[in-house]
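What's counted below: heavy atoms across the whole structure, side chains too, no hydrogens, waters or symmetry copies. We number each residue from 1, following the sequence as shown.
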Amino acid sequence: MAGGEGADRVRELAQLQAALEGVGIVLPSLRVDPVTGASEEPFALVALGRCNVRTAVRLADVLRACAPEEALRARVREANRESERARSRQNC
């Protein structure tokens, strides 16, 4: 692993941890998987670790609250793609 990759992984993990903490979720065992993190694998795995039931329920609540917004974004992206395809067909 190149030196920059390790620093990137640490920074990305810190961003994930801050985002989780921002919505009230603390995963005490959160870490980069040591095997994939030390390998040449470009996408190291993140070990989310174990948490108590209260934390798991909170995580599920946060994910459910975000789902409608993401579904709307996905529909908008698909509508944009369809518009682009229609424009491309008109220009041919």
Side-chain angles (χ1 to χ4, degrees):
M1 167 177 43
E5 290 174 357
D8 289 344
R9 291 175 181 165
V10 168
R11 184 175 46 257
E12 290 161 355
L13 189 65
Q15 290 172 351
L16 172 59
Q17 187 171 21
L20 288 167
E21 289 174 356
V23 292
I25 297 170
V26 176
L27 298 176
S29 303
L30 184 67
R31 63 187 173 89
V32 174
D33 173 67
V35 174
T36 59
S39 73
E40 295 299 319
E41 173 65 38
F43 301 106
L45 298 176
V46 173
L48 299 175
R50 297 167 55 152
C51 64
N52 63 38
V53 172
R54 183 177 294 159
T55 301
V57 168
R58 175 73 181 128
L59 180 57
D61 290 343
V62 169
L63 292 171
R64 275 192 292 276
C66 293
E69 185 178 320
E70 272 307 307
L72 177 59
R73 284 186 187 144
R75 288 195 305 265
V76 168
R77 283 191 296 267
E78 183 56 33
N80 288 340
R81 280 189 219 106
E82 288 176 18
S83 294
E84 286 297 319
R85 285 191 290 263
R87 275 191 234 132
S88 293
R89 285 190 296 267
Q90 288 175 351
N91 291 336
C92 289

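Rounding to the nearest 0.5 Å gives a distance of 8.0 Å between CG of Leu59 and CG of Leu48. Of the inter-residue distances, the one linking Arg58 atom CZ with Asn52 atom CG reads 13.0 Å to the nearest 0.5 angstrom.
Grouping the Ile, Leu, Val, Met, Phe, Trp and Tyr side chains by contacts below 4.5 angstrom, directly or via other members, places Leu63 with Val23.
More than 12 non-hydrogen atoms from other residues, nucleotides or ligands lie less than 6.0 angstrom from CZ of Arg85.
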Acceptor/donor pairs from residues 25-34 side chains to any protein atom, 3.5 angstrom cut, sequence neighbours excluded:
from, atom 1, to, atom 2, distance (Å)
Asp33, OD2, Val35, N, 3.4
Asp33, OD2, Thr36, N, 2.8
Asp33, OD2, Thr36, OG1, 3.0

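Taking 4.0 Å as the cut-off between side-chain N and carboxylate O, Glu78 and Arg81 count as a salt-bridged pair.
Side-chain N/O atoms of Ser83 and Asn80 include no donor and acceptor closer than 3.5 Å.
No side-chain heavy atom of Arg9 sits less than 4.5 Å from a side-chain heavy atom of Val46.
The two residues Cys51 and Ala56 have their closest heavy-atom pair at SG-N, 3.9 Å.
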